[in-house]
Each structure stands twice: as structure tokens, then as C-alpha cells.
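Everything below concerns the one structure shown next.
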Amino acid sequence: MKATVRAHPNIALVKYWGKRDEALILPHQSSLSLTLSPIHVTTTVEFGAAADHVELHGHVAKGSERDRVLRLLDAVRVQAGRDLGPAKVVSRGDFPMAAGLASSAAGFAALAVAGRQAAGLPADTRASSILARRGSGSACRSVQGGFCEWLRGEREDGEDSYAVQRFDAGHWPDLRMVVAIVDRGEKEVKSRDGMKATVETSPYYPAWVKDAEAEVPRARELIAKRDLEALGELCERNAWRMHSTSLAADPPLCYLSAATLGLIQHLREQRKKGVPVWFTLDAGPNPVLLTDAAHEVAAEALARACGAVDVVRCVPGGDAAFQAEH
Ligand code: DP6
């Protein structure tokens, strides 16, 4: 009745931005991401507790935060088809929550895998991915390691909308992702609200959907070839297009700060000088740099020279994994 799972966050190389179903969290387009190690979230689920209790990163969760967790566990109860009793959930991350990386993605992936195990359900990456998706869309891509593609699916019930692993973490061990924290503040508009406003008000949104869907197979091919330069160009293009469609929302959504733009400018100059470094950017000001092992120190130095207050160097990460109970 108890299980502990550790999962890594992921960074989208082709972003998910916009839902066609808010309740089930079904996207308008497919996306593709890389799981990041060593940063991770560890989540323990125990059914049969005295009362529902949700503890996230050292504090007792309340309101919508708590509801999202308990709703996911309700879905586990339905799958188990039996009364499992109240649940105790304790989740903790090893990276700063404002790091700009979706800690919720790792958290919900760990919660889904641990929840199913604690309920006595068999290990099933597809079922866990669908479950994680219902907590937070991007979480469906953190159930497995390496490069994962979230297939948008067609069905209204979402049973064909889940992530599949295209390449495992060992496919490209030389790849590096360097998270540059230029701004520690909480973002003004959360991804969930930002993407909703974009879907509803941006005239560029249909173009975004079509383009992003077409970029996924291209990114897959470049990853297969381990073509860093072409993948870097694709990532930047996709990030710019996600931000462009958001800037065109009404009112406009701008996630970029002066520090973000300064870093991007500097990165381009370095690239002209032969440093192989590209960036991607989620719905926040902190860029994630793509480079190779030989240039990760240079990428970190570049970020720090542009005022990054913190830098996290990552390598391709593995699957969500069970941890021994103490
Ligand atoms: C910009 O998965 O956090 O990071 O499904 O509403 O929980 P919800 O949103 P979330 O959005 C992530 C958006 C993104 C791009 C991405 O990770 O693909």
C-alpha cells in the first residue's frame, strides 16, 4: 500500500502550448522533450492512511495544489476498482522550485507511478503517462527517460494521448543542458493560464499548432543523427514561435526579461566565435542552453557572465524509478 518513486523533470525541445480539453489535459499538438538528470523529485504515496494528507516540498499543500494531487489519486482508485482508503503523499524536490524547470512535471510523474504501485496495479508506462498527464500535461513526458514524444492523440477520452520514449538516455550521452537561472522570481502568469489565454486570443495560435506538430518528426530525425547544430536551431525556432504566439495574445504575454534577452544576445555572439551553444525557453525568463560535454563549462561561464544567479548542469536522465523503503 506504499511506494516511493523518483522522477526527473524534462525540458521540451518542441513545446506543448495549449489544450483542446482543459479537464483531461489534452493538447492541441504533439511535443518532444529530454528528461534531465541529476535533478529529481521523490514522491511517496501510501494508501490506508488516517486521513488524506499532501506534503509538497516541506509544506502541507492546500487548495488547488492539494486538489490536483488528490484528483490524480482518485483516478488511481478508479483504476484499482476498490476502496484504498485515504492517502498520504510526501513529495520533495532537490532543486529550487523557482528554477523555471517544471518541478510539477517530475512530481506528477513520480506521483502517477508511485500511486499505481501503492494501489497494487501492474507497472505500465502508458497508463502511468496518461495518469501523470491528468496532473500536469508535461508530466506525461517524465515517466520515461531520454527523449520522449507526447502524442497528441485524437480521442475525446484521452486514452491515445500519452508520451512514448523514442531514444533512451544512453542514446546521446554527450548532450548537455545547462539551466541558467537569471531570475528567481515566480512568474506572473502560470503556464496553465498563459496557454489558455493564447489559445483563446492569439491570432497566431493555429499557425503555432501546425508548425509545432510538423517540427516533432524533424526533431526526432535530428536526435537520431545526434545533429547538435540542426537540433539547436530547431529548438530556438520552436521556442521563439511559442513566445511569439503568446506575445500576440490579448493582453500580450511576455515571459522574457531583459536578462533573458541579454543572455540570448551573448550566446549568439559566442556561437559566431565557434562555441556550439543554443537555447530553449519555457514560459519563464530562464533559458536552458543546449551544448555538448566539451562546452558545458563554457556554457556555464556564458550564463554567469550574463548575470545568471544559479546554473544547473544536466545530462540526459533515466526513467521514473522505484526507491527502496526505509
Ligand atoms: C512551456 O505542463 O506545466 O513548459 O498541463 O497546465 O499543467 P499544465 O501545463 P504544463 O505546461 C508546460 C508548458 C511548457 C512547455 C512544455 O513543457 O512542453
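The chain is numbered in sequence order, starting from 1. Keep in mind it's a predicted model, so treat the numbers as computed, not measured.
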Once you round to the nearest 0.5 Å, how far does CG of Leu256 lie from CH2 of Trp240? 6.0 Å

Given side-chain contact (heavy atoms from CB on, under 4.5 Å), test Leu290 with Cys235 step by step and report yes or no. CA-CA 9 Å; Leu290 266 84; Cys235 284; 4.0 Å; yes

Considering non-hydrogen atoms only, spot the tightest contact between Glu154 and Asp160 and give its length. N-OD2, 2.8 Å

Quick one: OH on Tyr205 to OG1 on Thr198, what's the gap to the nearest 0.5 Å? 8.0 Å

Should Val182 and Val178 be counted in the same cluster of Ile, Leu, Val, Met, Phe, Trp and Tyr side chains packed under 4.5 Å apart? yes

For the pair Arg82 (side chain) and Ala119 (backbone), establish whether a donor and an acceptor sit closer than 3.5 Å, ignoring hydrogens and angles. yes

Under a 3.5 Å threshold, yes or no: a donor from one side chain and an acceptor from the other, between Ser246 and Trp17? yes

Between Glu233 and Arg237, is there a side-chain N and carboxylate O pair less than 4.0 Å apart? no

In short, Gly317 meets Ser37 closest at the heavy-atom pair CA-CB, 3.5 Å

Sidechain-backbone polar pair: Gln29 side chain, Pro27 backbone, donor-acceptor under 3.5 Å: no

Before you tell me yes or no, could you show the steps for Leu263 and Leu289 under side-chain contact (heavy atoms from CB on, under 4.5 Å), namely the whole-Å CA-CA distance, both residues' side-chain angles and the distance that decides it to 0.1 Å? CA-CA 10 Å; Leu263 194 151; Leu289 313 185; 3.8 Å; yes

Are Val90 and Lys88 close enough that some pair of their side-chain heavy atoms sits under 4.5 Å apart? yes

Identify the heavy atoms of Leu72 and Ala132 that sit nearest to each other, and give their distance. CD1-CA, 4.3 Å

State, with a plain yes or no, whether a side-chain heavy atom of Leu131 is found less than 4.5 Å away from one of Gln79. yes

Any donor-acceptor pair under 3.5 Å linking the side chain of His40 with the backbone of Ala7? no

Val45, Phe108: one ILVMFWY side-chain cluster at the under-4.5 Å cut-off? yes

Any side-chain heavy atom of Arg313 sitting closer than 4.5 Å to one from Val297? yes

Let me see the working for Asp74 and Arg77 under salt bridge (charged side-chain N to carboxylate O under 4.0 Å, His left out), right down to the final yes or no. CA-CA 5 Å; Asp74 282 342; Arg77 289 186 175 92; 2.9 Å; yes

Any donor-acceptor pair under 3.5 Å from Thr35 side chain to Gly318 backbone: no

Does some side-chain heavy atom of Leu302 sit less than 4.5 Å from a side-chain heavy atom of Leu267? yes

Please test Ser202 against Thr245 for side-chain hydrogen bond (donor to acceptor under 3.5 Å, both in side chains), starting from the C-alpha separation and ending with a verdict. CA-CA 6 Å; Ser202 175; Thr245 184; 3.2 Å; yes

Working to the nearest 0.5 angstrom, can you tell me the gap between Gln117 CD and Phe47 CZ? 11.5 Å

Donor-acceptor pair, Ser129 side chain versus Cys140 backbone, under 3.5 Å? yes

What verdict does the salt bridge (charged side-chain N to carboxylate O under 4.0 Å, His left out) test give for Glu221 and Arg218, after you've listed the backbone C-alpha separation in whole Å, the side-chain angles of each residue and the deciding distance to 0.1 Å? CA-CA 5 Å; Glu221 276 171 35; Arg218 287 185 203 127; over 6 Å; no

From Ser136 OG over to Arg68 CZ, what is the distance, rounded to the nearest 0.5 angstrom? 5.0 Å

Heavy atoms of Gly115 and Leu73 approach each other most closely as CA-CD2, 4.2 Å

Decide yes or no on side-chain contact (heavy atoms from CB on, under 4.5 Å) for Tyr255 and Glu188, but give the supporting numbers first. CA-CA 8 Å; Tyr255 288 106; Glu188 269 171 48; over 6 Å; no

Stepwise ring pair (Phe, Tyr, Trp, His ring centres under 6.0 Å) test for Tyr16 and Trp150: CA-CA 9 Å; Tyr16 140 59; Trp150 177 7; 4.6 Å; yes

Would you confirm whether Ser161, through its side chain, and Arg152, through its main-chain N or O, come within 3.5 Å as a donor-acceptor pair? yes

Between His171 and Asp168, is there a side-chain donor-acceptor contact under 3.5 Å, judged purely by atom types and distance? no

Tell me the closest heavy-atom pair linking His28 and Glu213, and the distance in Å. O-OE1, 4.3 Å

Output yes when a side-chain donor or acceptor of Asn10 lies under 3.5 Å from a complementary backbone atom of Leu34, and no otherwise. no

Side chain proximity check, Asp282 to Ser191, heavy atoms < 4.5 angstrom: no

Given Glu236 and Arg271, is the salt bridge (charged side-chain N to carboxylate O under 4.0 Å, His left out) satisfied, shown in steps? CA-CA 13 Å; Glu236 289 195 1; Arg271 205 153 69 209; 2.7 Å; yes

Determine which pairs satisfy salt bridge (Lys or Arg N to Asp or Glu O under 4.0 Å) with at least one residue from residues 190-199, sequence neighbours left out, and list them in order. Lys196-Glu200

Nearest 0.5 angstrom please: Leu175 CG to Ile223 CD1, how far? 8.5 Å

Give the C-alpha distance, both sets of side-chain angles, the deciding distance and a yes or no for side-chain contact (heavy atoms from CB on, under 4.5 Å) between Val288 and Asn286. CA-CA 7 Å; Val288 177; Asn286 300 317; over 6 Å; no

Side chains of Asp211 and Arg241 in contact at under 4.5 Å (non-hydrogen atoms): yes

Would you mind reporting whether Trp278 and Leu228 have side-chain heavy atoms less than 4.5 Å apart? yes

Please find the pair of heavy atoms, one from Ser91 and one from Thr43, that lie closest to each other, and give the distance. OG-OG1, 2.9 Å

Polar side-chain atom of Asp21 near backbone of Leu26 as donor-acceptor pair, under 3.5 Å: no

Please check if atom CD in Glu229 has more than 12 non-hydrogen atoms from other residues, nucleotides or ligands closer than 6.0 Å. no

Can you tell me if CZ on Phe167 sees more than 12 non-hydrogen neighbours from other groups inside 6.0 Å? yes

Residue pairs, two or more places apart or on separate chains, that pass salt bridge (Lys or Arg N to Asp or Glu O under 4.0 Å) and touch residues 121-149: Glu149-Arg166, Glu149-Arg220

Answer whether the closest heavy-atom distance between the side chains of Arg184 and Asp310 falls below 4.5 Å. yes

When you measure from the side chain of Thr260 to the backbone N and O of Pro285, does any donor-acceptor pair fall under 3.5 Å? yes

If you group Ile, Leu, Val, Met, Phe, Trp and Tyr by side-chain heavy-atom gaps below 4.5 Å, do Phe279 and Leu222 land in one group? no

Which value, rounded to the nearest 0.5 Å, describes the distance between Gln144 atom CD and Thr125 atom OG1? 4.5 Å

Assigning hydrophobic clusters by single linkage (Ile, Leu, Val, Met, Phe, Trp, Tyr; side-chain heavy-atom cutoff under 4.5 Å), is Met1 placed with Val54? yes

Side-chain ion pair, Arg20 and Glu22, N-O less than 4.0 Å: no

Less than 4.0 angstrom from a charged side-chain N to a carboxylate O is my criterion; do Lys272 and Glu269 meet it? no

Are Leu13 and Val312 linked, directly or through intermediate hydrophobic residues, by side-chain heavy-atom contacts shorter than 4.5 Å (ILVMFWY only)? yes

Between Asp319 (side chain) and Gly145 (backbone), is there a donor-acceptor pair under 3.5 Å? yes

